[in-house]
Amino acid sequence: MNYEQTFEEIYNDLQHVEESGHVADYITELAQVDPDQFGVHLTTVEQEEYSFGDAEKRFSVQSIAKVFSFVMAYSTIKSNIWERTNLEPAGTPFNSLLQLEHDRGIPRNPFINAGALVVCDILVSELASPKENMLAFIHRLSGNNRISFNPAVAHSEKKAGNRNYAMIYLMKSFGNIRNDIETVMDLYFHLCSIEMSCKELSRTFLFLANNGVIPWSGERILSPSRTKRTNALMQTCGFYDEAGQFTFKVGLPGKSGVGGGIVALHPEKYAIAVWSPRLNTKGNSHKGMLFLEEFTTKTRLSIF
Ligand code: GLU
């Protein structure tokens with residue numbers, strides 16, 4: 001299939017859609033991003049690659065990185081993650097405190113902020129150098145050791161991090177945070193600050209489309225069963241309180257971030273990353289969602 005032509009057609013169709021939404025502006029680094037950039041990259045499990053637009057330009061992956069922290073804990077850590085976080089869709093915004101009080105400090109899932117904070121706490125308990133180990137893990141998944149944190153973004157996240165601090169203190173009050181709060185927050189803020197391009201993201205997520213094995217190295221990251229479960233979590237919890245819409249319209253497991261990136265994958269077929277910085281009211285890329293909806297409709301390559 002000539003995906004590049006399909007990308008261009010969809011991109012041109014979307015030029016007629018009225019611009020809506022704004023770039024994330026809670027930190028200056030995100031507020032200053034040119035909102036009209038657009039990139040998409042698809043990598044098949046056979047490692048064919050298809051690109052369009054700003055596919056090699058790096059951006060802040062933000063909550064997409066919550067998949068990396070989760071997979072790292074799920075694949076390497078002995079403790080039972082499911083005693084510390086639930087696995088149900090939240091149905092509330094990513095930084096909501098409402099359910100945490102009700103659920104006695106147990107987050108609804110590992111892909112909302114509270115869940116990612118608990119995963120970071122688990123990683124801090126078990127890793128000698130959590131930030132370095134996290135980056136090394138992403139280098140393994142991506143086959144690219146130039147991927148890194150953006151320290152200025154991590155610093156700004158901390159300055160704007162009041163709600164995240166509120167969540168972690170609330171969870172600590174229920175005994176669901178075991179480590180020093182600043183150490184856990186430092187890992188979390190650095191996780192949010194990772195920068196990658198669409199090309200790098202689609203390659204990095206490819207193991208989840210390939211039964212848990214990195215196609216180019218043959219390295220197994222997750223068992224087939226855990227790969228299935230990770231994809232199921234992305235399907236049900238990957239898009240804040242818009243996971244139902246994304247499933248309904250796009251029909252792929254995936255994860256978004258407030259940097260305007262979305263990664264989605266089709267098991268046994270491909271991983272695709274799209275980037276368009278303007279966000280809809282739920283915090284997902286406005287055009288990114290529309291693009292993927294048209295992509296799976298035109299190609300009939302959704303899982304449903
Ligand atoms: N850095 C953001 C926060 O913790 C995460 C935003 C996102 O969902 O992408 O508030």
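Ligands are counted one by one from 1 in listed order, and the atoms in each one are counted from 1 as well. The first residue of the sequence shown is numbered 1, and numbering continues consecutively from there.
A donor atom on one side chain and an acceptor atom on the other are found under 3.5 Å apart for Tyr165 and Glu182. When only modelled atom types and interatomic distance are considered, Ser60 and Glu195 share no side-chain donor-acceptor pair under 3.5 Å. With hydrogens and angles left out, the side-chain atoms of Gln37 and Asp54 include no donor and acceptor closer than 3.5 Å. For the residue pair Gln245 and Glu293, no side-chain donor N or O sits within less than 3.5 Å of a side-chain acceptor on the partner. Neither side chain, Thr296 nor Ser302, offers a donor N or O lying under 3.5 Å from an acceptor on the other. Checked by atom type, the side-chain pair Glu268/Asn211 shows a donor-acceptor distance below 3.5 Å. The closest side-chain donor-acceptor pair between Asn164 and Lys158, if any, does not fall under 3.5 angstrom.
Any N or O atom pair closer than 3.5 Å counts here, and Glu157 shares at least one such pair with ligand 1.
One option in Leu117, Asn284, Ile64, Asn113 has a heavy atom closer to atom 10 (O) of ligand 1 than any other, and that option is Asn113. Relative to atom 8 (O) of ligand 1, the option among Ser60, Ala160, Ser63 with the closest non-hydrogen atom is Ser63.
Atoms of ligand 1 lying under 4.0 Å from any heavy atom of Cys192, numbered from 1 in the order shown and given with element: 1 (N). The atoms of ligand 1 that sit less than 4.0 Å from any heavy atom of Asn164 are 3 (C), 4 (O), 10 (O). Atoms of ligand 1 lying under 4.0 Å from any heavy atom of Gly257, numbered from 1 in the order shown and given with element: 9 (O). Near Tyr240, the atoms of ligand 1 lying under 4.0 angstrom from a non-hydrogen atom of the residue are 7 (C), 8 (O), 9 (O).
Not a single heavy atom of Phe189 sits less than 4.0 Å from an atom of ligand 1.
Considering only non-hydrogen protein atoms, atom 6 (C) of ligand 1 sits nearest to Val258 CG2, 3.4 Å. Of all protein heavy atoms, the one closest to atom 4 (O) of ligand 1 is Tyr188 OH, 2.6 Å.
Of the heavy atoms in Arg163, none comes closer than 4.0 Å to ligand 1.
Judged by distance alone, the side chain of Thr247 and the main-chain N or O of Gly251 form no donor-acceptor pair under 3.5 Å.
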